[in-house]
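Notes to accompany the following structure.
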Amino acid sequence: MTDVHCHLDNQLLGNYTPESGLVSITNGTGWKSSEKAIELASKDSSVWACVGLAYEKGFKLSEAEKRLENLAKNDKVVGIGECGLNYRQDTDDETKIYQHKLFRAHLAVAQRLGLPVEVHNRNADEDILKILDEFRDVKILMHCFTRGREFMNKCVENGFYMSFGGLVTYANNSRMKTMVKEVPSHLLLLETDSPYSVPAGIKEPHNTPTNVKIVAEVVAELRGCSVAELEATTDANARQLFFKLK
Ligand SMILES: [Zn+2]
């Protein structure tokens, strides 16, 4: 099984050691975190890295692209991420414009190196689609899909992959449950977003990639297929998108 989005460099995961048979793609959220992602991936054959700066303020846009490109050339880097747009209620226009530039820098690197991109989207459907339209040849994963049907239809139209995580396991999350039933099989992926997004029923305060199995059980039940079938489909999709995975 493949956890396409987690943060193994996060201190909350402590001494977590990846379970055998489980492939995980750890995403960077800054320079240190991206370097650490590569380091963790180099130590373990089942761990792969994406490098990215996420969306927080403070990165020098002038150096971001070049430096990111250098990191992304590493053999264990299978994609660019985390990156994207994060609109809170108080996000002002200046911040949005900065986020757009940082997001474009990630996409430009992905385009040059032919790598896929893991995209974070918080309340930014329209701007995400507008920016991605400038990079049509870049393969996209909408990570932790939480949006509605209209956005999903656009993703399907554009051939974007969508991954679902712990949030879909909660009984009251009927919108996500509906969405996960509707994703076309060839675009569906699983993730944990560890150490965040702990699935329902888990007592530990932090999530680990092992829990991707719990997500898989819930998703399989919702889609009316076996866990084995879902695993085969989503693993094949992961290898299709992250072509460097072995
Ligand atoms: Zn994340």
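Just so you know, ligand 1 is whichever comes first in the structure, and atom 1 is the first atom listed for that ligand.
For Asn70, the CG atom is densely surrounded, since the number of other residues' heavy atoms within 6.0 Å is greater than 12. Within 6.0 Å of CD in Glu39 there are more than 12 heavy atoms belonging to other residues, nucleotides or ligands. Within 6.0 Å of the CZ atom in Arg112, the count of heavy atoms belonging to other residues, nucleotides or ligands exceeds 12.
With 2.8 Å as the limit, Cys144 does not count as an N, O or S neighbour of the Zn ion (ligand 1). Among the atoms of Cys6, none of the N, O or S atoms falls under 2.8 Å from the Zn ion (ligand 1).
The aromatic rings of His143 and His120 sit tilted relative to each other, their planes meeting at an angle between 30° and 60°.
Counting just the N/O/S atoms of His7, the one with the shortest distance to the Zn ion (ligand 1) is named NE2. The Zn ion (ligand 1) sits nearest to atom OE1 when only the N, O or S atoms of Glu82 are considered.
Rounding to the nearest 10°, we obtain 90° for the angle at the Zn ion (ligand 1) between His5 NE2 and Asp193 OD1.
Distance alone, capped at 3.5 Å, is enough to place a donor-acceptor pair between the Asp235 side chain and the Thr2 backbone.
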